[in-house]
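Take a look at the structure set out below.
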Number of protein chains: 4
Amino acid sequence: MPKRGELGRRDPEARRQAILDAAVGVFVAQGFAAAKLDDVAEKAGVAKGTIYLHFKDKQDLFEQMVRAAVAPVIERLEAVAKLPDLPAEVVLKGLYEVFRKEVLGTPRKNLLRLVITEGPRFPAIGEFYHREVVSRGLQLMGGVLKRAAEKGELADDGIARFPQLIVAPLILAVVWDGLLGAVEPLDVQGLLDVYHRLLLAKPGNAGEGERT
Amino acid sequence: MPKRGELGRRDPEARRQAILDAAVGVFVAQGFAAAKLDDVAEKAGVAKGTIYLHFKDKQDLFEQMVRAAVAPVIERLEAVAKLPDLPAEVVLKGLYEVFRKEVLGTPRKNLLRLVITEGPRFPAIGEFYHREVVSRGLQLMGGVLKRAAEKGELADDGIARFPQLIVAPLILAVVWDGLLGAVEPLDVQGLLDVYHRLLLAKPGNAGEGERT
Amino acid sequence: MPKRGELGRRDPEARRQAILDAAVGVFVAQGFAAAKLDDVAEKAGVAKGTIYLHFKDKQDLFEQMVRAAVAPVIERLEAVAKLPDLPAEVVLKGLYEVFRKEVLGTPRKNLLRLVITEGPRFPAIGEFYHREVVSRGLQLMGGVLKRAAEKGELADDGIARFPQLIVAPLILAVVWDGLLGAVEPLDVQGLLDVYHRLLLAKPGNAGEGERT
Amino acid sequence: MPKRGELGRRDPEARRQAILDAAVGVFVAQGFAAAKLDDVAEKAGVAKGTIYLHFKDKQDLFEQMVRAAVAPVIERLEAVAKLPDLPAEVVLKGLYEVFRKEVLGTPRKNLLRLVITEGPRFPAIGEFYHREVVSRGLQLMGGVLKRAAEKGELADDGIARFPQLIVAPLILAVVWDGLLGAVEPLDVQGLLDVYHRLLLAKPGNAGEGERT
DNA sequence: GATGAATGAGGATTCATTCAT
DNA sequence: AATGAATGAATCCTCATTCAT
């Protein structure tokens, strides 16, 4: 939380970023409609008017904030896409591991929840998110699963037709955490372990997996 | 959409219900913060002030609306709980079928999404929802799964430890529909079919590797 | 300047009128852009929000205020139009007399100046003013002048083609009063007397008129 | 509309003038209150801050802008004042001709309207305008008219006491154009012709009824 | 109880003015 | 001097809540 004036007048990009960072926090905590730009400004250490030097209005700030926050995810996806073909086992393990450590264990999960929450009211966000994240992710996972299916590694070849299934427990975890986390925490690690086994278990060898 | 005056002046309960019904629509469409009580009143065919005769304030209306809307679900759960033990196969099939037809195919899905998205800002809702729906549902599914596991019907006995998994694709479907449904609709039926197969063990490996 | 609460809740028309009355004062004093609705509300003895129960927004208030303020003028015009044909001499004398006493000598002149001032930025006002006041007035004066011309009462028959000329010294007086009145007051009575004589003087009898 | 940088950095006077020129356009189009200094700066090809190097604040810019814009008029008046005495006939004809061609037919009329409409809120402008333009103009016209009256050229000698009357149809034309020009254009030429005839005595009654 | 006009705190946005560069 | 990013006071407008009828 930078204090007023710490940001050099010279670096507009830093200011912009400070506003975006502050916006994440405020929008996540309050939702779009209830978020106050005053709060964003204060948190960013800038004056109210400054926000409007960088963003057209509240909605623009919101959308750009989502884009900026999602950018690293996109980069990751692109990086992964360039990797040589990896076995489904490895990809899944890595995905769940990364998600658990770098999303669920961090405030980042709140952003995902925010997208889920506000997306329906912001078509632009839905489209952007689909284009940049979802369709790329599906493509990637689709490829991995198809190869796995061909090698007979999947418990059910139908999985390859629904790469979304890979992500289902992650969405569940995020939603659960937001709604019920305070009442009954979820053992995400355990859940993902089971799910992972479930996806890859060959018929006929169910349940043989080790558990931590 | 009842018109003003159609509600008997004598029946406060009908008025209350009319307000709740109207509230569902408005809150679902706008979210809590952006919802206008003016709209609720108009939709309910009631004067704005009347809302305050039945509900303490906007938040109270919201919470009671969720309770009321969730009530039928609770009843269903209770009814099902009284049924004799049914095989997992049947229960799952029925659950997915009902969900697909009576939730996803209807405005009701929006309510579930509303709970998911606004819940985090309303602890009372999280607690209520957990107490009345989630814990009961888990209990129910837990029992079904445990029995299924004992009979070796599950692809992985770990599933019995995470009844939440049963619901994961449903949550996915609801979230997808809200965020991406307009861009790329999801073949829910196909998805659930695959998932259903995935959860249930293939013939030939029944009873293997029981643990516990 | 009614005080808050003096207006019965029951009489919305009175409130509306109070707001309009207050608006005249504020808009006249500040101009449209600089006028503060807070001031209007305070002057009208109502809360800010109340204004919006009667008027869509600031511009709507402005336009309706002009309409309301101009209404009596329109009525007058209509009343005069129903009168039997009067000689130009009488009509002119009456017009100048009324204008001097009931417009120039009162705050009403400020409203005329406001219309002149803001009209160009509010086409709706220009059109309304033309339709309701100007064209009717021209019609009226046109008839009077035509008859006068036929009877040879006019100094120049061309006047009948430009009924606007009747009004020229009145506009001059209003404009002068606003811009220069504080520095050098204008003897409107004297000016109008001369102008009156000028219009009606028959060629050949110039200057024979008595002066008060 | 000079582009940034075209103005010599060396010539502060040119910058000042560029700002004044831009200001005319913006103030005329929007009025004082609604005019934005951002627009002035952009139009002048200057940074917003630069305005404050030349003018104390918005009001100062406005007042100086009026002074600058009115300056040529003053020069004209002075030039005319040095001319030998001309007959009223010629002076009037010339005045109306010049006004019609160089004011009404040009954006300059907007400036006159601006002075008329904003003047009342800026006493300094009223005083300045009176001192520099109005009183000189009146003096000038007063002289012309007095001589004309003595020669019996006026339709009514009273005109000499109200030189303002000369200008009444011009004010009318400017006001009409702003308020009603879009709805019903005014035949200024015709109007002025009639008025001109009206002011000047018909042959045959010259010299009658002189009064001091 | 029911109404809906009235309230006024609250929040998004604008823009004259300042000031570090 | 010139710049234009930054400021924050000012203002329109909304809407949850109240209350006289």
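Quick note: numbers below take in every heavy atom, side chains included, and nothing from hydrogens, waters or symmetry partners.
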OP1 or OP2 of F:dA5 under 4.0 Å from side-chain N/O of A:R15: no
All side chain to side chain donor-acceptor pair (under 3.5 Å) counterparts of D:H130, not counting sequence neighbours: C:E184
Positions of residues 48-57 of chain A (non-hydrogen atom under 4.0 Å from DNA chain E), listed by number: A:K48, A:Y52, A:D57
Residues forming a side chain to side chain contact (heavy atoms under 4.5 Å, CB included) with B:L179, sequence neighbours excluded: A:V115, A:Y129
Set of salt bridge (Lys or Arg N to Asp or Glu O under 4.0 Å) partners for D:K48, sequence neighbours left out: D:D38
Residues in side chain to side chain donor-acceptor pair (under 3.5 Å) contact with C:R108, at least two apart in sequence or another chain: none
Partner set under side chain to side chain donor-acceptor pair (under 3.5 Å) for B:D39, not counting sequence neighbours: none
Salt bridge (Lys or Arg N to Asp or Glu O under 4.0 Å) involving B:K58 - partner list, sequence neighbours excluded: none
Contact check, side chains of B:Y52 and B:L37, non-hydrogen atoms, under 4.5 Å: yes
Which nucleotide in F:dT3, F:dG8, E:dA16 has an atom nearest any side-chain atom of D:L37: E:dA16
Results of salt bridge (Lys or Arg N to Asp or Glu O under 4.0 Å) for D:E63 - residues two or more places apart only: none
Selected nucleotide, minimal atom distance to B:K58 side chain, candidates F:dA16, E:dT7, E:dT17: F:dA16
Position toward the 5' end of DNA chain F (nearest nucleotide), C:Q59 or B:D38: C:Q59
Spacing between D:D60 atom CG and E:dT17 atom P, to the nearest angstrom: 10 Å
Donor-acceptor list for residues 16-34 of chain D side chains, cut-off 3.5 Å, not counting sequence neighbours:
residue: D:R16; atom: NH1; partner: D:Q64; partner atom: OE1; Å: 3.0
residue: D:R16; atom: NH2; partner: D:Q64; partner atom: OE1; Å: 3.0
residue: D:Q17; atom: NE2; partner: D:D21; partner atom: OD1; Å: 3.1

For DNA chain E, the residues among residues 24-36 of chain B that have a non-hydrogen atom under 4.0 Å from it: none
Residues in side chain to side chain donor-acceptor pair (under 3.5 Å) contact with C:R121, at least two apart in sequence or another chain: none
Watson-Crick and G-U pairing of DNA chain E written in dot-bracket, each distance under 3.5 angstrom, with | for inter-strand partners: .||||||||||||||||||||
